[in-house]
**Student:** 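A single structure is presented below for examination.
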Amino acid sequence: MKTRDTFEEAINGVTANKVRSGLTVLGIVIGIGSVIAMISVGQGAQNQINANIQSIGSNLLMVYPGSQSGVGEAVRSSRGSAQTLTEDDANAIASAETSLISAVAPEIDKSLQVVSGGQNTNTRVIGTTPSYPSVRDLNMEMGVFINQNQEDSLAKVAVIGPTTAGDLFGSSTTDPVGQKITINGVVFTVIGMPASKGGSGFNNQDDAIYIPMTTFRQYLGGKSVTGASYVSLINIKVANQNAMTQVQNDITNLLLKRHNISDQSQADFSVLNQADVVQAASSVTGVFTMLLASIAGISLLVGGIGIMNMMLTTVTERTREIGLRKAIGSTRHMITLQFLIEAVVLTLLGGVIGIALGAGLSLAISYFAKITTSITISSIVLAVGVSAGIGIIFGYYPARRAASLNPIEALRYE
């Protein structure tokens, strides 16, 4: 028997009982579809988190007040609750004799109610300096950002985020420039609105209002009990990605010296590297993706067992046929190959349909659940490889069993 004939017989064997073959393939379809859908959810979550982190700025270092143990809470709330960093610390960093720091922008913020006309919303009000847009990669869509004259004159002007603009004026596309808003009883004039960054949670720069830091301190507070001008966060843009670690160490040493702290473990501040945050987030979401894929992979194992069960049944039903083939000259290799091809065809067919099902589930999850998903070529290649592997692994034993049948006893089988 030629190899081509072996393939043809294998295809005929698969199509001989369409219902049983279809039910067997269904197990593989569900397994492959589930794996692709779950991996797409995990990949989508990872991409979304990384995009949100990157949206706050590039080559960014963030200095939070308080010890290292409290930095997690500081990040979640988008501000430090301690009052151990001052505006003088930010000025010292900005005036450091190094070309590795592009810009420094301190900020202080509070969550306050903002009113405009008959609308109101609770949002973050951030007092900062004119260097903030360059540090946090903020591009203006309408109007302008705060300038130095407004900072020096304690001007009551505000730059309003797109989300906040939508809450107050009914639409994020409405030009808010010139509108009046009231913060803590003080009337501010809107002078600009930045382009949307699409952030969410603690990192949502679209839901914020920016005012001059001097104005913030004058009307909204910002002095510690000692009278020092504390800040919630110091943003630092590093000129070179490769210099992030060096600048981080330099800033740490500078602030330790300024705060008269000799033991770094006792530091009353924390320097957070954006690259470290991205790496940590990628690690967590990677584990999350693997967990989802492993859970979905259980159905693949069940599907593989179904393949083996069907092939063993097929061998039993076709015992006389196998005996006849061996009697007319088919070798053990040909018999093994025929049944192995049948198993692989079933699993590859299930894999192809499963890929389509997984892509459909991924799109459905994205559309109905509003969860970002991402289908990658690697997940599709993995699905095809796994389906072929299942066919070989779970089809090998039935194929070997068929090939090892004694032709005389097989011909006598009833």
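Atoms considered below: every heavy atom in the structure, side chains included; atoms not considered: hydrogens, waters and symmetry mates.
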**Student:** Would you find a donor on one side and an acceptor on the other, under 3.5 Å apart, between the side chain of Thr182 and the backbone of Gly185?
**Tutor:** no
**Student:** Under the side-chain contact (heavy atoms from CB on, under 4.5 Å) rule, what do Met244 and Asn59 come out as? Steps first, then yes or no, please.
**Tutor:** CA-CA 7 Å; Met244 294 281 285; Asn59 299 347; 3.9 Å; yes
**Student:** Taking the side chain as C-beta and beyond, is there a heavy-atom pair between Gln264 and Thr252 under 4.5 Å?
**Tutor:** yes
**Student:** Can you see whether Asp167 engages Gln119 through a side-chain donor-acceptor pair at a distance of less than 3.5 angstrom?
**Tutor:** no
**Student:** Ignoring hydrogens and geometry, is there a side-chain-to-backbone donor-acceptor pair from Asp89 to Thr86 under 3.5 Å?
**Tutor:** yes
**Student:** Treating Thr214 as the side-chain partner and Asp152 as the backbone partner, does any N or O pair qualify as donor plus acceptor under 3.5 Å?
**Tutor:** no
**Student:** Considering all heavy atoms of both residues, which atom of Val63 and which atom of Leu233 are nearest to each other, and what is their separation?
**Tutor:** O-CD1, 3.4 Å
**Student:** Verify, without hydrogens or angle tests, whether Thr123 (side chain) and Asp207 (backbone) share a donor-acceptor contact under 3.5 angstrom.
**Tutor:** yes
**Student:** Out of curiosity, Met62 CE to Glu107 CD, how far, rounded to the nearest 0.5 Å?
**Tutor:** 10.0 Å
**Student:** Hey, does the side chain of Asn253 reach the backbone of Asn249 with a donor-acceptor pair shorter than 3.5 angstrom?
**Tutor:** yes
**Student:** Please lay out, stage by stage, how Ser362 and Thr373 fare under the test side-chain hydrogen bond (donor to acceptor under 3.5 Å, both in side chains).
**Tutor:** CA-CA 6 Å; Ser362 177; Thr373 59; 3.0 Å; yes
**Student:** Do the non-hydrogen side-chain atoms of Pro398 and Met308 ever get within less than 4.5 Å of each other?
**Tutor:** yes
**Student:** Could you walk me through whether Lys180 and Thr189 pass the side-chain hydrogen bond (donor to acceptor under 3.5 Å, both in side chains) test, one step at a time?
**Tutor:** CA-CA 5 Å; Lys180 304 293 183 180; Thr189 301; 2.6 Å; yes
**Student:** Of Ile335, Thr336, Ile341, which is the lone residue that meets side chain to side chain contact (heavy atoms under 4.5 Å, CB included) with Phe339?
**Tutor:** Ile335
**Student:** Side-chain atoms of residues 286-297: list all donor-acceptor pairs with protein atoms under 3.5 Å, sequence neighbours left out, distances to 0.1 Å.
**Tutor:**
{"unit_1": "Thr289", "atom_1": "OG1", "unit_2": "Thr285", "atom_2": "O", "d": "2.8"}
{"unit_1": "Ser294", "atom_1": "OG", "unit_2": "Met290", "atom_2": "O", "d": "2.7"}

**Student:** With side chains defined as the heavy atoms from C-beta onward, is the minimum distance between Phe269 and Pro65 less than 4.5 Å?
**Tutor:** no
**Student:** On a heavy-atom basis, which atom in Pro194 and which in Pro162 lie closest, and how many Å separate them?
**Tutor:** O-CG, 3.3 Å
**Student:** May I ask you to test the Met142-Pro176 pair for a side-chain heavy-atom distance under 4.5 Å?
**Tutor:** yes
**Student:** Quick check: closest heavy atoms across Ala155 and Thr215, and the distance to 0.1 Å?
**Tutor:** O-OG1, 2.7 Å
**Student:** Got a second to check how far Ile181's CD1 is from Ser116's OG, nearest 0.5 Å?
**Tutor:** 7.0 Å
**Student:** Could you check if a side-chain atom of Gln179 sits within less than 4.5 angstrom of a side-chain atom of Leu168, using non-hydrogen atoms only?
**Tutor:** no
**Student:** Looking at Ile234, Thr129, Leu60, Thr128, which one forms a side chain to side chain contact (heavy atoms under 4.5 Å, CB included) with Val135?
**Tutor:** Leu60
**Student:** Which atom pair, heavy atoms only, marks the closest approach of Arg401 to Ser404?
**Tutor:** O-OG, 3.0 Å
**Student:** Please walk me through it: do Asp263 and Ser265 pass side-chain hydrogen bond (donor to acceptor under 3.5 Å, both in side chains)?
**Tutor:** CA-CA 5 Å; Asp263 185 358; Ser265 64; 2.9 Å; yes
**Student:** Which pair of heavy atoms, one from Ala388 and one from Val344, lies closest together, and at what distance?
**Tutor:** O-CG2, 4.5 Å
**Student:** Pick from Asn184, Thr121, Asn120, Asn122: which one makes a side chain to side chain donor-acceptor pair (under 3.5 Å) with Gln113?
**Tutor:** Asn120
**Student:** Say you draw a straight line from OG of Ser232 to CZ of Phe216; how long is it, rounded to the nearest 0.5 Å?
**Tutor:** 7.0 Å
**Student:** Does the side-chain contact (heavy atoms from CB on, under 4.5 Å) test come out yes or no for Phe169 and Ile160, once each step is laid out?
**Tutor:** CA-CA 11 Å; Phe169 307 122; Ile160 186 169; 4.0 Å; yes
**Student:** Decide yes or no on salt bridge (Lys or Arg N to Asp or Glu O under 4.0 Å) for Lys237 and Asp137, but give the supporting numbers first.
**Tutor:** CA-CA 10 Å; Lys237 184 165 187 176; Asp137 293 344; 3.1 Å; yes
**Student:** Report the C-alpha separation of Ser374 and Thr376 in whole Å, then their side-chain angles, then the decisive distance to 0.1 Å, and conclude whether the side-chain contact (heavy atoms from CB on, under 4.5 Å) test is met.
**Tutor:** CA-CA 6 Å; Ser374 176; Thr376 61; 4.1 Å; yes
**Student:** Can you tell me how far apart CD1 (Ile146) and CD1 (Ile211) are? Round to the nearest 0.5 Å.
**Tutor:** 7.5 Å
**Student:** Quick one: list whatever passes ring-ring contact (aromatic ring centres under 6.0 Å, His included) with Tyr132, sequence neighbours left out.
**Tutor:** Tyr210
**Student:** Measure the shortest side-chain to side-chain distance between Ile251 and Ile236 over non-hydrogen atoms and say whether it is less than 4.5 angstrom.
**Tutor:** yes
**Student:** Can you tell me how far apart OG (Ser366) and CG (Leu361) are? Round to the nearest 0.5 Å.
**Tutor:** 12.5 Å
**Student:** Using side-chain heavy atoms (C-beta onward) and a distance below 4.5 Å, is Leu256 in contact with Ser262?
**Tutor:** no
**Student:** With the side chain counted from C-beta on, respond yes when Leu382 and Ile39 share a heavy-atom pair under 4.5 Å apart, and no when they do not.
**Tutor:** yes
**Student:** List the atom of Gly391, the atom of Ala343, and the distance in Å for their closest heavy-atom pair.
**Tutor:** O-CB, 3.5 Å
**Student:** Between atom CG of Leu85 and atom CZ of Arg258, what is the distance when rounded to the nearest 0.5 Å?
**Tutor:** 10.0 Å
**Student:** List the steps, then state whether side-chain contact (heavy atoms from CB on, under 4.5 Å) holds for Arg124 with Lys110.
**Tutor:** CA-CA 6 Å; Arg124 279 196 308 138; Lys110 284 184 179 180; over 6 Å; no
**Student:** For a quick test of your reading: what N or O donor-acceptor pairs under 3.5 Å do the side chains of residues 18-37 make, sequence neighbours left out?
**Tutor:**
{"unit_1": "Lys18", "atom_1": "NZ", "unit_2": "Thr15", "atom_2": "O", "d": "3.3"}
{"unit_1": "Arg20", "atom_1": "NH1", "unit_2": "Glu317", "atom_2": "OE1", "d": "3.3"}
{"unit_1": "Arg20", "atom_1": "NH1", "unit_2": "Glu317", "atom_2": "OE2", "d": "3.0"}
{"unit_1": "Arg20", "atom_1": "NH2", "unit_2": "Glu317", "atom_2": "OE1", "d": "3.0"}
{"unit_1": "Ser21", "atom_1": "OG", "unit_2": "Val14", "atom_2": "O", "d": "2.7"}
{"unit_1": "Ser21", "atom_1": "OG", "unit_2": "Asn17", "atom_2": "O", "d": "3.0"}
{"unit_1": "Thr24", "atom_1": "OG1", "unit_2": "Arg20", "atom_2": "O", "d": "2.8"}
{"unit_1": "Ser34", "atom_1": "OG", "unit_2": "Ile30", "atom_2": "O", "d": "2.7"}

**Student:** Ignoring hydrogens and geometry, is there a side-chain-to-backbone donor-acceptor pair from Arg217 to Tyr230 under 3.5 Å?
**Tutor:** yes
